[in-house]
2 protein chains.
Amino acid sequence: MNIGQTAKQTGLPAKTIRYYEEIDLIAPHRDANGYRAFSEADLHKLTFLARARALGFTIEDCRTLLALWEDTTRASADVKRIAGEHLATIEQKLTELQAMHATLSTLVASCAGDDRPECPILDGLEPLT
Amino acid sequence: MNIGQTAKQTGLPAKTIRYYEEIDLIAPHRDANGYRAFSEADLHKLTFLARARALGFTIEDCRTLLALWEDTTRASADVKRIAGEHLATIEQKLTELQAMHATLSTLVASCAGDDRPECPILDGLEPLT
DNA sequence: CCTTGACCTTCCAGTAACAGGAACCCCTAT
DNA sequence: ATAGGGGTTCCTGTTACTGGAAGGTCAAGG
C-alpha cells in the first residue's frame, strides 16, 4: 500500500509517516520504483502510534511502548510505569492550566471591553509596586 | 543594574532576558564595558512579560499586550479580545487534557503492573481489528 | 603585579514533532 | 504527447528558549 492510502487508513498525514520512518519508528519496504510499500504490520504500528500520540505520549515514550508492545514477554509493570509518569505530567499540566484559567477568566470578566483605556487585564499584569 | 541582578529581581533567567532583547521586546542601554544596564522601566517591562508568559500568553501576544500597556489611549476591547482568544485556547487544551486524563487513568488503573505480560494499557492502544 | 573567581559578552547548536515548499520522478488516462 | 495526481528527497521554519564554548571585565587577595 502506498503512503497516501496509508495516511487515509491511519489518519496520520503522509508527512508524519515519513517522519516516523526517518526516526526509525517504522521501516516500510520499498517498491522497485522507490515508493514506500506499507504492510499490515506497518499499518498496525502506525495506528498504535497515532493512538499513543493522541494520548499525549512523547515520541520517545511511543518508541518504548512500541518495543514493549512487540515484546510478548514484557512485564506490564514497565508499561504501567511509563503511563503513570505520563499521567502525572498530564495532571500537572491540568493543574497549571486550571490556575491560568481561573486567573485569566476573572480578569477577562472584569474588563469592560469597550473603547476606553481602563483595563483590569493589563492592571493584573502590572507589577504590584 | 546588571543582568544577574535583573534576573533575580524579575525571576527570569538571564538567558531569557537576553533573548527578549534579541527579539526586541526590551532595549536596555549598555555601559561603556558593553554590559547591559537595566532601568526601572526595563524591570517593569520584564516583570510584565514574566506575568503574561506565566499566564500562557505567547511571545507575540506579549508583544501586542506590551504595546497596548504602554499606549495609554488604547481601547480595553483590544486587550480583552486577545485575552479572550487566549482563554478559549486554554479551555480547548483543558478539554483535551481532561479527555486524555480520563482515558489514561482508566487504563493505568486497570493494569496490574506486575511481571506478567498482560497489559490493558497496551491493549487500549491496540488497533481494534 | 598577578591571579582567581564571579561576572559579563557573543555566537553556535539543539530541543519536539512535525509542516511547508521546491525540484524532480512515476504512472495512468486521454 | 501531455496533463494530472501520485510519489520521492532535501531544506527551511516553527516556539521559546537552554546549554555550552570562547573570551572580555572587574574587585579582592597574596
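Given the structure is predicted, the values throughout are model-derived calculations rather than measurements. All heavy atoms count here, side chains included; hydrogens, waters and symmetry mates do not. Just so it is clear: chains get the letters A, B, ... in the order the sequence lines come, proteins before strands, and each one is counted from 1.
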Does the salt bridge (Lys or Arg N to Asp or Glu O under 4.0 Å) test come out yes or no for A:R18 and A:E22, once each step is laid out?
-> CA-CA 6 Å; A:R18 291 198 192 95; A:E22 189 187 328; over 6 Å; no

Would you mind reading off the distance between B:I17 atom CD1 and D:dT18 atom P, rounded to a whole angstrom?
-> 11 Å

Whole Å only: how far is the CD atom of A:E60 from the P atom of C:dG14?
-> 17 Å

Starting from the C-alpha separation in whole Å, work towards a yes-or-no answer on side-chain contact (heavy atoms from CB on, under 4.5 Å) for A:E21 and A:I17.
-> CA-CA 6 Å; A:E21 183 189 24; A:I17 297 176; over 6 Å; no

What does nucleotides 7-14 of chain D look like as a protein-contact string, B for base, S for sugar-phosphate only, - for none, at under 4.0 angstrom between heavy atoms?
-> SBBB----

Whole Å only: how far is the CZ atom of B:F57 from the C1' atom of D:dT15?
-> 17 Å

For A:T64 and A:D61, test the side chains for any donor-to-acceptor distance below 3.5 angstrom and give the result as yes or no.
-> no

Counting only side-chain N and O atoms of B:T16, is one of them less than 4.0 Å from OP1 or OP2 of D:dA16?
-> no

Indicate the ring-plane relationship of A:H86 and A:F57, choosing parallel, tilted or perpendicular according to the 30° and 60° boundaries.
-> tilted

Please confirm whether the backbone N or O of B:E126 pairs with a side-chain atom of A:R51, one donor and one acceptor, at under 3.5 Å?
-> yes

Reckon A:Y20 has a side-chain N or O less than 4.0 Å from the OP1 or OP2 of C:dC18?
-> yes

Find the distance B:L12:CG to D:dA16:P and express it as a whole number of Å.
-> 14 Å

Any salt bridge between B:E60 and B:R63, counting N to O under 4.0 Å?
-> yes

Between atom NZ in B:K8 and atom P in C:dC8, what is the gap in whole Å?
-> 9 Å

Nucleotide C:dC8, atom P - distance to CG of B:D31 in whole Å = 11 Å

Against the side chain of A:T58, the closest entry in D:dA16, C:dA17, D:dC17 is C:dA17

To the nearest Å, give me how far apart CZ (A:R63) and P (C:dA17) are.
-> 10 Å

Nucleotide C:dA16, atom P - distance to CD1 of A:I59 in whole Å | 10 Å

